[in-house]
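Numbers restart at 1 for each chain; the letters A, B, ... are given by sequence-line order, proteins then strands.
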Amino acid sequence: MIHLTFPDGSVREFAAGTTGRQVAEGISKSLAKKSVAMTLGGTLTDLSDPITADASIEIVTREDPRALELIRHDAAHVMAEAVQELFPGTQVTIGPVIENGFYYDFARPEPFTTEDLPKIEAKMREIITRNAHFTKEVWSREEAKRVFAAKGEAFKLELIDAIPAGQDLKIYKQGQWFDLCRGPHMASTGQIGSAFKLTKVAGAYWRGDSTKPMLTRIYGTAWHDQVELDAYLHMLEEAEKRDHRKLGREMDLFHFQEEGPGVVFWHSKGWSMFQELIAYMRRRLRPLGYQEVNAPQLLDKSLWETSGHWGWYKENMFAAQSAGDDTEDERVFAIKPMNCPGHVQIFKHGLKSYRDLPLRMAEFGAVHRYEPSGALHGLMRVRGFTQDDAHIFCTEEQMADECLKINDLILSTYADFGFGEVVVKLSTRPEKRVGSDAVWDHAEAVMMRVLKTIEEQSGGKIKTGILEGEGAFYGPKFEYTLRDAIGREWQCGTTQVDFNLPERFGAFYVDSDGTKKTPVMIHRAICGSMERFLGILIEHFAGHFPLWFAPVQVVVATITSEADGYAEAVVDKLRAAGLRAEVDLRNEKINYKVREHSVAKVPVILVCGKREAEEGTVNIRRLGSRDQVSATLDQALADLLAEATPPDLQRKLAAAA
RNA sequence: GCCGCUUUAGCUCAGCUGGUAGAGCACAUCAUUCGUAAUGAUGGGGUCACAGGUUCGAAUCCUGUAAGCGGCACCA
């Protein structure tokens, strides 16, 4: 006999080998009907598994949040069955559950197209209606290999070989169809329900390895019910509406064109945001003891050989030479992909003393990297971008303190832009690296302490984690990931400790005892790339920027030409006070003007008609609201100015008051 | 870079199985002076991404190139 503990704490006795389904039936017929799986000791398993030892048990019904994973996984199996039924000869490979759904990778000479999806989906619904039971068998390696080889499933053979010896080889069957799978699965295909949809086809490398064959992946999404599915599809539509590439065009912020893949043409309004962002960062850096520098765009290849970039980063670099037909100058220059070598040159210029450390060198550095063509994505991944870069030359003792100072700067910057949820991850030594294990041990220990402090200081608000083996080859690093308004995560900031570059360039400082010492170099970026950060901001705010950041803050719109003179006086006054304001005197109806500027996402429309001109007032309409407020021009100006003050300056004003 | 798809006016898109281009918005002109999300009329605008090929004839079919999109790989 065995003893099973139920969620309510009760303990009941069962015969050893009782299955989860029998347990559920013992409780009630309706529970048995609704149940899709069980947890034993907290682990999700098949209802059909015989229970052989004492354990805590919980019957999982289809409504349970934990069932969603099973719904998706089962849907993947059913999709694979549907595909093999419709397209005989297609090999199946792997089909895991992912966020919001599932996919399955298939090998077939002819790739699938989007037109195939409805057919596959219809077949899936047919299979689900058959409601075949999922059954599990444990096969021997030899048998499994024989059966899959006979079916022509070459990829499955590879998977079987990859399963560690001693681990059971499980086969799940639904009707005639079966697949190698670690499970668990629900009771039958009917429990998948109908709230699923196949979303896209894409290529994917076998085992995620670009040297291996390309398979066809079909993605699907699956949910408990239609309401959840609809909500998800709606969310996708909303995300599409705030796509920064779309908004960039609609709001006239920037464009790309064929001659410049991955490089941005910033239009006036977009550039205004770009400059506002840089101005903000500059104001933040100044009181923190940073010095801003500017290193050349183009440097002789030899310098990049010294830095090591020419050796291991060449594939990602652009090179330039004199283009003249008759030139005798054969020198090859590289367009900088990073600012660090330039900064080391500045550091090296003139003798540095330990008294100069920590030396914090910042640059809004434009860099160019030859990114793979398939990686380019709007502003998010470009070939020419501006980093809010800085390098801190310091001693090992100063390292931890500097990392914490950078952390403060990063977190407060994100907060000013409305990002409260931040994750900080420490990336540790990769396989390919420079420096002795002792140096890495020490650096990682320091960084680990810093990470702990970061978590403690935030009072638990900042989540932390470790990325094993993800560090740069020259040192460990912190990666800062923020979460936007619709829950997507973006890696932006980074702090990297570097024991390599200063030494390569022979950079040193004179220590208190008169000896030459090599400084530690900390690379850090907050926005990462200004372009990318702006892309994130556009999507985060869906174009509805806070007043201080909006490219056009105010439009003064007239109703009839009678108020033209007054409107011009108003806009002059707003501009003189430092606001980015435009005036709209066109011979158009006010409805038309309000619509147009609302669509353009201008935060404030000041309507000036005859009445306002006579009274010296303005009529204020805020974006997203139909309400209008009347105020005197002076009052409105004062209010707008206060609101348009960037958050860092507001803090400064508050501190002074 | 790899797999698939796409590329027609500034934007969004239509153009069936080949017979040499069309809409809405935008733009310009004229009329309208109208109080909070589209006033009306008229007009201009396209070597159909680029280069080849098939054909009497190509936006349409084929090949290549480029860029973009969705993934994968990459992302110091």
Checklist entry - Can you find a side chain N or O atom of R626(A) that sits less than 4.0 Å from OP1 or OP2 on rA37(B)? => result yes
Checklist entry - Touch check for F256(A), heavy atoms < 4.0 angstrom, all strands: base, sugar-phosphate only, or nothing? => result nothing
Next on the checklist: Looking at rC72(B), I'd like to know if its phosphate oxygens (OP1 or OP2) sit under 4.0 Å from a side-chain N or O belonging to Y219(A).
Outcome noted: yes
Item to check | Closest to the Q496(A) side chain, choosing from rA76(B), rC34(B), rC2(B) | outcome: rA76(B)
Checklist entry - Is R245(A) near enough to rC69(B) that one of its side-chain N or O atoms lies under 4.0 angstrom from OP1 or OP2? => result yes
Item to check | Between C1' of rG35(B) and CD of E615(A), the distance in whole Å | outcome: 13 Å
Item to check | Distance-only donor-acceptor test, R621(A) side-chain atoms vs rA37(B) base atoms, 3.5 Å | outcome: yes
Are there any protein N/O atoms within less than 3.5 Å of an N/O atom in nucleotides 25-30 of chain B, and if so, which ones and at what distance?
residue	atom	partner	partner atom	Å
rA26(B)	OP1	Y592(A)	OH	3.3

Checklist entry - Can you tell me if the side-chain N/O atoms of R249(A) get under 4.0 Å from OP1 or OP2 in rG68(B)? => result no
Checklist entry - Between rA31(B) and rC50(B), how far is it from one P atom to the other, in whole Å? => result 40 Å
Next on the checklist: Taking atom types as they are modelled, would you say the side chain of Y370(A) forms a donor-acceptor pair with the base of rG1(B) within the 3.5 Å cutoff?
Outcome noted: no
Checklist entry - So does N619(A) reach the base of rU36(B) with its side chain, donor to acceptor, closer than 3.5 Å? => result yes
Checklist entry - Does the side chain of S210(A) get closer than 4.0 angstrom to OP1 or OP2 of rC2(B) through an N or O atom? => result no
Checklist entry - Hey, does the side-chain of R381(A) have a donor or acceptor N/O within less than 3.5 Å of a partner on the base of rC74(B)? => result yes
Checklist entry - Between K200(A) and rG70(B), does any side-chain N or O lie under 4.0 Å from OP1 or OP2? => result no
Checklist entry - So does H377(A) get a side-chain nitrogen or oxygen closer than 4.0 Å to the phosphate oxygens (OP1/OP2) of rG70(B)? => result yes
Next on the checklist: At 4.0 Å (heavy atoms only), tell me whether E588(A) reaches a base, stays on the sugar-phosphate, or touches nothing.
Outcome noted: base
Next on the checklist: I'd like to know if E612(A) reaches the base of rG35(B) with its side chain such that a donor and an acceptor end up less than 3.5 angstrom apart.
Outcome noted: yes
Checklist entry - Which pair of non-hydrogen atoms, one from F155(A) and one from L215(A), has the smallest distance, and what is that distance? => result CZ-CD2, 3.8 Å
Which donor-acceptor pairs under 3.5 Å do side chains of residues 371-378 of chain A form with protein atoms, sequence neighbours excluded?
residue	atom	partner	partner atom	Å
E371(A)	OE1	R381(A)	NE	3.4
E371(A)	OE1	R381(A)	NH2	2.8

